[in-house]
Amino acid sequence: MAAAAMTGRGVALIRNIAGSLHSRLQILGGASQQLSCLHTSVSLDSKHWEKSNRKVYPPQLPEEPRRPAEVYHSRRQIKYSKDKMWYLAKMIRGMSIDEAIAQLEFNDKKGAKIMKEVLLEAQEMAVKNHNVEYKSNLYVAESFSGKGKYLKRIRYHGRGMFGIMDRVYCHYFVKLVEGVPPKPEQSTSFDQAKEYVQGLRNRTIIHSL
Amino acid sequence: MATSMTRTFGALRNVTYSSLKNAEFPRDVRHPGPLFLPVRTKKRYFIPPAVGLKGKKEENPEIKGRAAGIVFRQQYLERPINIACSAGVFDPYIPPEGDARVSALSKEGLKQRTEQIRQSAASQLAIRKIKEHDSQFSTKTFAEQAQEIFIEAHNALIHFNRERLHSLVTERCYPEMTRGNRYKTIRWKFMESLEAPRVVHARCPDMVTKGNLYGQVTVRMHSKQTLAIYDRFGRLMLGSEEQPKDVLEYLVIERHLINPYSRWRLHGKIVPSWAPPKDPVIMTVAIPGPELKPWEEFDALNYEVPKPAAVQWNNYRA
């Protein structure tokens, strides 16, 4: 009896916490530091990436710099290997969306066609639903592939031996941000050498006299 | 837990009592049970009978139930729907041109006012019908009541209080007000009322059956309001929070007169054909160009952007 009552209260507690967490996700803004200590578990069937599009920021004051729009998009269970997809995802990281679509269009890989469709969908979503003014003013901020749910089959070897064959599937995630793509910092060899020497000079001996 | 304990010891107890029938036995002495008592082989799981029978198709459980004597009530496959509001604005009010432009003191303004004071006969009839069902109705107090409903409804929309909004706004008006608002922030303020609100039009249509009366009253409001809509990222999409605007509106308030528990709720707005165009959205939008044949070229210099027809809007659904 007592045990049943305790579990009931516990379930209500968990529900309250989940409810408050859900409401907190709505108001993010500058409160991200407070939430970093909370660990919310991600289960197998939760589509976290798609839910990021539901985040609503509070209205900006007129002095603040204009917040760039972010659009999250993904495609699940693509019939392709995640390792092969990774090469394409790494290629378009940091490119502007037009450049990325052009590169993928003339790439011979199977994943390139699918990735191009995903990028075009994301661009359309950004213009229609997320108040992005110019469809070319987007760049690929994040792009990566993940493992999907594999189907397992039997691969027959000689001498009655068998192996378990995986029919591979992958997910592809992309985040488009409004604005000009950021330039990667390029330092010359002289600068790198200078930094190395400075690092050597900064060394000290601790607990010395 | 408890039930299984009794089950294990129940079997033992039955066996012990049966073996010692005639002799008196003290309750606290435990006699050892027989050697071959099936305790560990006891079935402790339950397989529903349906698992083992794969191919067998059972007869209708309904027939079995009737044979057993269970009586089921007749099942109605219909569901009653309560329609609490009408589908649109019946016989909409056509506001006269230049309504708020002409000052009330000039000659034309006086003419307009005299015309408006003598409302049309149909409106008077409708008001009389409304007074039959709602004895406390009066055109003088109703206009202010309508303005209060309007202000409360918009406040509920800003803070998005669904239940309150449903009680202040009809089911037909609710989707029009809330469409596309989910990931946006709206800030609205009612500054002041420039002219006293006035009842200009009333109709009492009946839907479906003859006696099912709905009262629709149009109220004219001239007021100062500020509106600012921010998108998902907090960027201003429309309007401004500091700059108020003079707004002339024709609100349609409706009530289901037959229902004694119904309330006067906002049903819609009438946008006249001569209304000035709204402020543009703070964004560049691409207008689709003309349909061209393969051999034609687009002439950007001489192309005129088509303007929407000047029609009165009684509902926002295209």
Side-chain angles (χ1 to χ4, degrees), chain A residues 1-7 19 22-23 25-32 49-73 97-98 120 122-139 141 175-179, chain B residues 1-6 154-165 175 177-190 225-245 278-289 300 305 316 318:
Chain A
M1 277 277 279
M6 271 302 289
T7 46
H22 185 72
S23 58
L25 259 176
Q26 289 284 312
I27 313 151
L28 245 177
S32 53
W49 196 256
E50 288 83 347
K51 284 184 197 165
S52 310
N53 271 334
R54 296 195 207 165
K55 219 189 301 180
V56 181
Y57 291 89
Q60 281 184 302
L61 303 162
E63 313 88 49
E64 277 178 37
R66 193 174 155 92
R67 190 181 276 127
E70 294 175 346
V71 179
Y72 294 81
H73 195 44
I97 190 154
D98 288 337
L120 287 169
Q123 192 186 43
E124 209 197 307
M125 256 169 55
V127 170
K128 264 174 85 174
N129 305 342
H130 297 99
N131 193 29
V132 163
E133 214 168 330
Y134 304 107
K135 66 176 191 175
S136 299
N137 196 22
L138 294 160
Y139 69 92
K175 170 173 152 184
L176 299 175
V177 174
E178 204 180 6
Chain B
M1 286 276 280
T3 45
S4 59
M5 297 285 275
T6 46
H154 281 68
N155 284 330
L157 180 67
I158 294 162
H159 303 294
F160 202 57
N161 192 348
R162 238 180 276 233
E163 293 88 16
R164 189 122 176 77
L165 197 55
M177 276 180 101
T178 54
R179 185 158 291 141
N181 290 357
R182 196 189 281 238
Y183 301 113
K184 296 191 176 81
T185 326
I186 303 177
R187 289 213 177 138
W188 177 84
K189 237 195 289 180
F190 186 88
Q225 294 167 22
T226 34
L227 177 67
I229 303 180
Y230 298 89
D231 68 352
R232 220 190 101 208
F233 304 99
R235 315 182 296 194
L236 189 62
M237 269 175 90
L238 183 73
S240 93
E241 276 196 73
E242 285 88 38
Q243 180 64 30
K245 296 228 175 253
K278 288 202 237 182
D279 277 350
V281 192
I282 305 171
M283 200 170 94
T284 37
V285 182
I287 304 170
V305 178
Y316 288 145

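Proteins come first, then strands; the chains are lettered A, B, ... in the order of their sequence lines, and each starts at number 1. On a predicted model such as this, the values are computed, not experimentally measured, just so you know.
- Checked against side-chain hydrogen bond (donor to acceptor under 3.5 Å, both in side chains), Glu124(A) has no partners two or more places apart in sequence or in another chain.
- Note on Leu61(A), Asn129(A), Asn53(A): by heavy-atom pairs under 4.5 Å with chain B, the leading option is Asn53(A).
- With a 4.5 Å cut-off on non-hydrogen atoms, Glu64(A) does not touch chain B at all.
- With a threshold of 4.5 angstrom between heavy atoms, Pro62(A) does not approach chain B through any atom at all.
- Nearest heavy atoms, Asn131(A) versus Met283(B): OD1-SD, 2.7 Å.
- Lys135(A) NZ: 12 or fewer foreign heavy atoms inside a 6.0 Å radius.
- Screening residues 227-236 of chain B for salt bridge (charged side-chain N to carboxylate O under 4.0 Å, His left out), with sequence neighbours left out, gives Glu178(A)-Arg235(B), Asp231(B)-Arg235(B).
- If you measure heavy-atom distances from Thr284(B) to chain A, the contacts under 4.5 Å come from both the backbone and the side chain.
- When all heavy atoms of Gln60(A) and Tyr230(B) are compared, the pair lying nearest together is O-CE2, 4.2 Å.
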